[in-house]
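First comes the structure, then the notes that go with it.
Every chain is numbered from 1, with letters handed out A, B, ... down the list of sequences. Basis for what follows: all heavy atoms, side chains included, without hydrogens, waters or symmetry-related copies.
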Amino acid sequence: MKMLLASLDRLLTPSSAVPKESSGWYRARLTMTVSALVLAFYFIPELVLHLIVPQDQVDWRETSIILGGFALVALGFLFARTPRYRWGIWLTLGGWTFDVLFDIAPGEGFEWSATIEVWLIFGLVMAFLLLDVRGYILFAIAQAAATAAVVLWRHVTVASLNFTIEIYLAATFLLGLGVWLRQLDYSQCKQAQAALQAQKDYLQKVIDGVQSPFYVVDVHDYRIRLANRAARDLGLVEERVTCYALTHHRSEPCGGDEHPCPLQHVRVRREPHTTEHIHFRPDGSAYYVEVRGYPLFDAQGNVVQMVEYSVDITERKLAEAEIRKLQQAVEHAASGVAITDAEGVYEYVNPTFERMTGYSRQEVVGQTPRLLKSGYHSTEFYAELWKTIKSGQVWQGEMVNRRKDGSLYWELQTIAPVQVNGKITHFVAIKLDITAQKELEKQLREAKEAAEQASAFKSRLMAGVSHDMRTPLGSIIGYAELLMSGAFGEVNEQQQQILQTIADSASRLSDFIRGMLTRAELESGKLRLQPRSFSPDELFKSLSTYEHVAQRKGLAFQREIDPALPGTLYADPYWLEQILINLVDNAVKYTERGSVWVRLRRVDERHWAMEVQDTGMGIPAKLHERIFEEFEQAEEVKRIQGVGLGLSIVKELVKRLGGEIRLRSAPGEGSTFTVIFPLEEGKER
Amino acid sequence: MKPEALIIEDDAGQREIFSAAVQQAGYNVTCLSDGAQALEYLKQHTVALVVLDLHLPGLGGEHIARSIRSMPHLKATRLILASADDRLAGMISELADLVLLKPISFIQLRDLATRLRTTGDFSAP
């Protein structure tokens, strides 16, 4: 019996190694085989019997039922296709059921046997349901044999009820035996199935262990046959989904140069293939993958499937994009960029470098910066540079280099070492051609020097001229006054006046020279300030000339030093004196009667002032601003005040010295000029 | 007896005017035009007033001014600096009792000298 089962299995097992559990096709063939057996053992003998016995003894109703059974079995064939093979079985069973129902027709004397047959058929159905297909086959064989015996007996001899029952009992025993054998075999089958399942689970676990999506695709329809967890996580909910639907959310296979299909490549070239794709996650977000496809061949060497797995390379792609961006920036930078190895051998130079030096990249790579050496700098200069960058620091400086055509140029260079784990692997040099700037700088410097020389020459000239003019002016004034004093004899009224005019004119010329010198210095742009500590009363030393003039005019000349003023001031007394002289000179000149006060006083904690007050004609408020304006703009002032030049110089001087000038004056009330300066912090005492 | 005054000035015209002014103020005046001579003279004489031109050939006025201040017998000597260069005069004005910028008025010098002789000071009474 076991041999029978084994041979049955062999018969039923397809030649290819497709697992039988997964094959509906196997079940279909099984059903067909069963039906054939039924035909062979049951219907055909019965039909033959019908045909060989005399016509009048034939029960045509039964014969038609037998034919109906044929038809139902044929239908069973038709329906015996996975997963509907069960229908075929049911139809076959239905055929027997009809047969049995006719067997139990009254008047034949087979009631009992029919009843038993009905039970038998129920048992068959139960066996089918409970024991699966092979149990059913055994039942069918046993039942067919029993039925054949019954039918033979019925037609050849006079049937005996008891005998029939015995035959059925024998059949039932055979069935029981079959069930037991089936069960025996079934457990073995279960074990094999469990082992297979374990193997399958193990393999699944292995491929699930691969963190990237891994699946097997059918090369003909692009459908995924086997997938690991990572692939299922991509949204593989439905069996046999296509690879392009899974990873690209599209309805057609990939293609074109933009997005080549690895499967097509593998199928055509029959070799492994690697390509880069953009895949989409279930949420629609895209990511870069590297797809690797490997062909699977069948026994004939045809590519039937492809193993594919894809690695997420998004990070690498983004890094590459970043690098590309930086590369672009370096390539198009307006500065020359060069990269050397740790020994200073050029590995890369950008196009600006090529333009700057005249050397092409091919000519430079492999060379060292000695290629550009101009000979302009000392050995120490280069040694210092190398020392700096080799110690891991950035060197920046200006350097003269030589172009390919031999011409020299200036570059501003920044060289930075590239360190990996504390070890210098490269140097990056950024170069800016500053030849033009250098030239401009040089021209500017020369121009400035020339201007300064001219200015210095002018100052010296002015100083010389003024010095040389002052001595003769001294003689003019001195002799005129000496004559007036009567030292060389009596001088009459008219002569007195002439001599006075000579002296006054010379004085004005002297004032003019003084103003001109100050102006020259102001216009040269920078006042030569020589600040020092000095006693406030030093400022009065040069005022004796004006005091004298004031006294001769009958004016009271008062000097006052505020006791609150520090004993020592820190400033350039020369220019303070010049301011004071100008103000006092004006005050004395334009005051006919009354007094002139010169005060040095403290204003507040941080300020002190020089103040010159007179009882002169006063200045209208509308002119307060204008009297400080340039000489040529203040004709009106000049008419009234007779000066202009002096005060504009004073205002400029005060400004340059960091002070402020104020005027308090009204016609008929005299004028007070106050010049306020900050007390130099920490130096006044 | 008249006090002694020394005029040190290389320009003859200026020398004459200064001399006249100081004489009229009541001094016995000696005039010298050379710095080295003046220094020799000052080493041997005690003078009440020196009128010193800063721009002298040879030995500069500044050197003479410093020498005067360093000589004990000239402690009471009053020094008037006469200069055409107010910058230079300003820089050493602490050595002087009075700084007069050229051109110097004859009358001014005379009046100042007079005041010095009569009151012992330059300031107005």
Worksheet item: Is it the case that more than 12 heavy atoms not belonging to K655(A) sit under 6.0 Å from its NZ atom?
Response: no
Worksheet item: Is it true that atom CD of Q494(A) has more than 12 heavy atoms of other residues, nucleotides or ligands lying nearer than 6.0 Å?
Response: no
Discussion item. Taking side chain as everything from C-beta outward and backbone as N, CA, C, O, which of these in A82(B) sits under 4.5 Å from a heavy atom of chain A? Side chain, backbone, both or neither.
Written reply: neither
Worksheet item: At a heavy-atom separation under 4.5 Å, does D97(B) approach chain A through its side chain, its backbone, both, or neither?
Response: backbone
Worksheet item: Is the closest side-chain donor-acceptor distance between T471(A) and Q14(B) under 3.5 Å?
Response: no
Response to the item:
Assert top hit (heavy-atom pairs under 4.5 Å, partner chain A, pool H55(B), E9(B), Q24(B)) equals H55(B)
Practice prompt. Just give me the residue among L112(B), L100(B), D111(B) that pairs up with chain A most often, heavy atom to heavy atom, under 4.5 Å.
Written response: D111(B)
Worksheet entry | N/O donor-acceptor pair under 3.5 Å between R470(A) side chain and A84(B) backbone | yes
Any [X] side-chain heavy atom under 4.5 Å of [Y] side chain:
X: I107(B); Y: S485(A); value: no
X: Y479(A); Y: E16(B); value: yes
X: K102(B); Y: I477(A); value: no

Response to the item:
Heavy atoms of P103(B) and S510(A) approach each other most closely as CD-OG, 3.0 Å
Worksheet item: Considering all heavy atoms of both residues, which atom of A20(B) and which atom of L482(A) are nearest to each other, and what is their separation?
Response: CB-CD1, 3.3 Å
Worksheet, complete the sentence: When rounded to the nearest 0.5 Å, the distance separating CD1 of I104(B) from CD of E481(A) is 11.0 Å
Practice prompt. Rounded to the nearest 0.5 Å, what's the gap from NE2 on H548(A) to OG on S105(B)? Could you check?
Written response: 5.5 Å
